[in-house]
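So you know, we letter chains A, B, ... as the sequences are listed, proteins then strands, and number each from 1.
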Amino acid sequence: MNFLFWLGQKEVKVSLEAVGDNLLRVSVGDTAHDVSAEFIGQEEILLNVDGRIFNVIVHSDSLSHSVFINGRLFRIEKRSALKILREEKGRQKKRDVKTTMPGRVVQVLAAPGDGVQEGQPVLVLEAMKMQNEIKAPQAGQLARVCFRAGEYVEAGSVLFTVE
Amino acid sequence: MNFLFWLGQKEVKVSLEAVGDNLLRVSVGDTAHDVSAEFIGQEEILLNVDGRIFNVIVHSDSLSHSVFINGRLFRIEKRSALKILREEKGRQKKRDVKTTMPGRVVQVLAAPGDGVQEGQPVLVLEAMKMQNEIKAPQAGQLARVCFRAGEYVEAGSVLFTVE
Amino acid sequence: MFKKILIANRGEIAVRVIRACREMKIIPVAVYSEADRKALHVRLAEEAYFIGEAKPSESYLHVEKIIATAKRCGAEAIHPGYGFLAENPRLVKCCEEEGITFIGPPSEPLEVMGEKTSARRKMAAAGVPIIPGTLESVADERELREKAREVGFPLLLKASAGGGGKGLRFVQKEKDLLPAFKLARSEALSSFADPAVYIEKYIEEPHHIEIQILADNFGSVVYLGERECSMQRRYQKVLEETPSPFLDEETREAMGRVAVKAAASIGYRNAGTVEFVVDRDRKFYFLEVNARLQVEHPITEMVTGIDLVKCQLEIAAGSPLPFRQEEVRPQGHSMECRIMAEDPFNDFMPSPGKIVYLHTPAGLGVRDDSGIYEGYEVPLDYDPLLSKLITWGKTREEAILRMRRALSEYQVYGIKTTIPFFQRILLHPRFLAGAYNTHFIAELEKEPDREDPAEEIAALIAAGIKSRRDAQTGVSSHGKSKEKNWRIQGRLENFAKRL
Amino acid sequence: MFKKILIANRGEIAVRVIRACREMKIIPVAVYSEADRKALHVRLAEEAYFIGEAKPSESYLHVEKIIATAKRCGAEAIHPGYGFLAENPRLVKCCEEEGITFIGPPSEPLEVMGEKTSARRKMAAAGVPIIPGTLESVADERELREKAREVGFPLLLKASAGGGGKGLRFVQKEKDLLPAFKLARSEALSSFADPAVYIEKYIEEPHHIEIQILADNFGSVVYLGERECSMQRRYQKVLEETPSPFLDEETREAMGRVAVKAAASIGYRNAGTVEFVVDRDRKFYFLEVNARLQVEHPITEMVTGIDLVKCQLEIAAGSPLPFRQEEVRPQGHSMECRIMAEDPFNDFMPSPGKIVYLHTPAGLGVRDDSGIYEGYEVPLDYDPLLSKLITWGKTREEAILRMRRALSEYQVYGIKTTIPFFQRILLHPRFLAGAYNTHFIAELEKEPDREDPAEEIAALIAAGIKSRRDAQTGVSSHGKSKEKNWRIQGRLENFAKRL
């Protein structure tokens, strides 16, 4: 069984072949590995790669696998690298700035219509007792600011848009 | 909301009434308690009874709740005590001896047709490196022995029957 | 001794105090906010009472509610933990009025020390060396500029009511002064309900080293060695160790003696910490007294064998210290990593949320003082400290290797944590050599991160295996049947024998 | 030092050795049977290799497979843990032939000590006091009867190849002799592949107390204090503590000296334990040498600060002992509870199965040496030992109170464990007074168990709450929506502000 993945900007071919009870031959690019894998629960895999042990958590959606190993998160895309690149370019014209954390907006430092520099703080978000400045990812004009001071923000919300 | 439960041979009426946000008034028999309950996962309840904290696991089936508190297991029946008693009497004539643990039969010490005393070992079951004598629960005649030495036994299997 | 104690805190420190109570046959009473209905400190308490909304001012900072709850449940004493009301003189006074024992110092030293500028004045008067700077907080922007020029750049702006790095700003040049002042005041206001800020001269290549002290009600004050707290990020301690690899025996003893003097000069009681800044020539300056149990107290416990929380309770109950200075003999080395709900790969952004998967380390020399469990949802309302991972070793090297081992076992999934960041620190040659000061982490963050190509390959293989499973069957069903296949072997053996 | 070590074991002891390896920068290699594909020791190892069926003879007892795996992965040494091949001279010889270091004693003392009757002969010759009984194993039923009469009743039948209580039977009267002999032989055969059994005089009100020793390759032998192991059920240790509350200082030292003499007389190397029976007058008799790491070794580590597994590796690598007898100074008190997969409310029947829920205790002075995790399925093929819960305290009282606290936090659901049984022991006045011998548990089991009416009421309330939830909605949906309600509050606040 063959799969094509994208990690970072790299395209990698991964092919799997069952070679015995609980034993797989897995090629990653040009290199082959002896692998056994035990599922513990739905998302946790105890992986044995050429004898070396990895405790892995794989959280999958239709677009990608998020693989968590030794505290690191690898986002392995099922889509083509080209497509991702194209999307990113599209985004560069008009960029939504989202927050990865929930929190409370403490202060809004710029208004829609203002010109902003790359790295300029646009608003201050407080979560877990820490105030974090959220900065403009590129120079441009502030198209909108979606929250006012004092409002709660959920993870994934668009905070503001830079054009 | 009222429920009738049986614990041991006792019948207990439990009634619940919501008296506020996250607060219940629960009567057990004649005594009322202020209770708040937080479900953690499907079976785990963090119970606050008049301020006192209990970490409880409740595993339910159609007949009973198995409630696990501080290492103790309470089997709280939804059926009437009378019914349970009747069943137990029925069983006393012809008693199936089941094993609660899986294991391997090491030795069979009596044959079908043999008379046995209460507490007489009938077979030896090994699990987790320990040999356990399984004894006749009552005096009588051995009606059947369901396994032979060397066989594996699953939890819940009938090992032998005493009439 | 007390029969029942209310713990006016949450998270790992509430758990820590609850454990000490249980070991002394004292009934520990937890209080909890709306956000903490399922918190670990509630689960481990014997009694627990709801006190209000998630917002600290409505719950953990609400003096009247805390006092009312203590009276209602019959608690004879209140332990404040750290943060929240730990250094709040009003709580202490209310306790005094209501006949409840406050487990901590009396209100007078609290008032003197809680306000950093009055603390500096007091210490200067007692002959304890202090850092050059203002002895009063800065009134306005004009005075700010004026005093800053007097002290000279670089300098630090500090919250007068502060502690724990909140409301603290480093100012390199004069042009950064005003924005830093505003942010420091805003953070100080939000953290301590007091925007006052003062100025301190910035010490180059500084070490933050603190001395743990214990003082009973009979005039006895002892010090329990130091804690090296220079491993800081944005003025927040992230890793502490004892003994300090930087100190020599002479400085260590001198600091201990000065700490005892400082505590005695203000009539300090109970457990406390005297913080110092130590410059590259090992000259030390008084920084502040933390009039409470410190986050990093466990490393002192590990090397001295002394349970500081139990000492706090005994002192508060009126017992004299059960040991003298010469009986305190630290053994071996201990360090602590503060595991935070922050994303080290994304500028340490807070990462609250549900912990869907948790494996904690254990075994010889490993202590995990945690406030979380699998299935717990870390609220966004409070500090991001999840757990303190502590190791002990006969030598510093053993403590480090043990910490690396423990970190390799520690798995938290669902939220981001600083575990990988500590793995990086614990492999760094400068850390291994013990040659770091408070600048270390800022410098580390400029260096490229470690990469393990084997992990990348394992990740790709895992993705392949997951894709294969998802493709072959519906999610989950295949794995289950496979699992069953193995268990079925015993049964097959039986059937075969009978045939 | 070695670069890579194979651990020829499973469960908590394999985890213990893996941890020590990681802390010494040695690559730990696990081996696993079919039943252990998902075991914790595999998860925590750096490398792991499959070696065969669940049956020990096909995997953990299979010398050739173990040796072949070590050679294949390049392991320079093998650590056998305890049980399985730990005292198997054949493995030691194979290692010697293949140039692999066996982490344990050489084959000669193993052979002498592994066979209990030859050990008794050897010790008697060296002037070490032994229990009256046969110096050879009993050949047949005629000899059994004859020798038993000579020794006198009550007596013990013991497996010559034995240890750990397996193949051991107490015989009160002559009429019980033959059935006990048969059971002892059968268990001995199944556990050690050798049915030989010998006779020992039964000591009344006996204490089992053992001395930990360490011997390097340079003639240095030290003892690290004793372990009180009298808390036994069916000749299996269930709880151990050090120091023994029964011994006086004089007996303690005398036993230490005799243990060193015993070890030296047989050319013992590496870590080992000399077991004694101590009668009510504190007269002690040699019982056996356990030529391996003991299950209960952690309590010695807790009071001495010495990592016994690391010592084993260092001795095996040819290092001399880094300390002398007078430098061993135990501090405080430590005890261990063996958490077993057994049902204390049903005659301690084994209880393998899936652990659906697990909370482990932590914090100051608590060590959990565990081989399990949540979601793990405890196999029926091996020992029921799940975990060893160890506490340390400045005093015995503190160690006990801390153990009670830790047990109260320890929650295992899905299988039965002996945790409630330990809670019973730790509240018993005779245990608290330190006044127990090997009969304690048999006597305890005749006493009525504690009952907490509050727990019964809580159970009924929980059942009511569960019934209510199941009635109001389908299972689960209600609780979830409730949970969401709380989280939604922050959002509502926002919406309200905008309107």
Close side-chain approach of D/R37 and A/I40, heavy atoms under 4.5 Å: no
For A/R25, the salt bridge (charged side-chain N to carboxylate O under 4.0 Å, His left out) test, sequence neighbours excluded, returns A/D34
Write down the atom of D/Y49, the atom of A/D50, and the distance for their closest heavy-atom approach. OH-O, 4.0 Å
Is it the case that atom NZ in D/K416 sees more than 12 heavy atoms from other parts of the structure closer than 6.0 Å? no
If every non-hydrogen atom of A/I53 is compared with every non-hydrogen atom of D/E47, which pair is closest and at what distance? CG1-C, 4.0 Å
Answer with side chain, backbone, both or neither: which region of D/V42 has an atom nearer than 4.5 Å to a non-hydrogen atom of chain A? both
Mind running side-chain contact (heavy atoms from CB on, under 4.5 Å) on D/E34 and A/N22 for me, showing each step along the way? CA-CA 10 Å; D/E34 189 64 47; A/N22 288 302; 4.1 Å; yes
Region of D/Y373 in contact with chain A, defined by heavy-atom distances below 4.5 Å: side chain
Heavy-atom closest pair (A/L46 atom, D/K38 atom, distance to 0.1 Å) is CD2-CA, 4.0 Å
In this structure, are over 12 heavy atoms from other groups packed under 6.0 Å from A/K135 atom NZ? no
Identify all side-chain donor-acceptor contacts of residues 115-126 of chain A below 3.5 Å with residues at least two apart in sequence or on another chain.
from: A/Q120; atom 1: OE1; to: A/Q117; atom 2: N; distance (Å): 3.0
from: A/E126; atom 1: OE2; to: A/Q131; atom 2: NE2; distance (Å): 3.3
from: A/E126; atom 1: OE2; to: C/S190; atom 2: OG; distance (Å): 3.2

For D/A48, does its backbone N or O pair with a side-chain atom of A/N48 as donor and acceptor, under 3.5 Å? yes
Let me confirm one number: the CZ-CD distance from A/F54 to D/E46, rounded to the nearest 0.5 Å. 9.5 Å
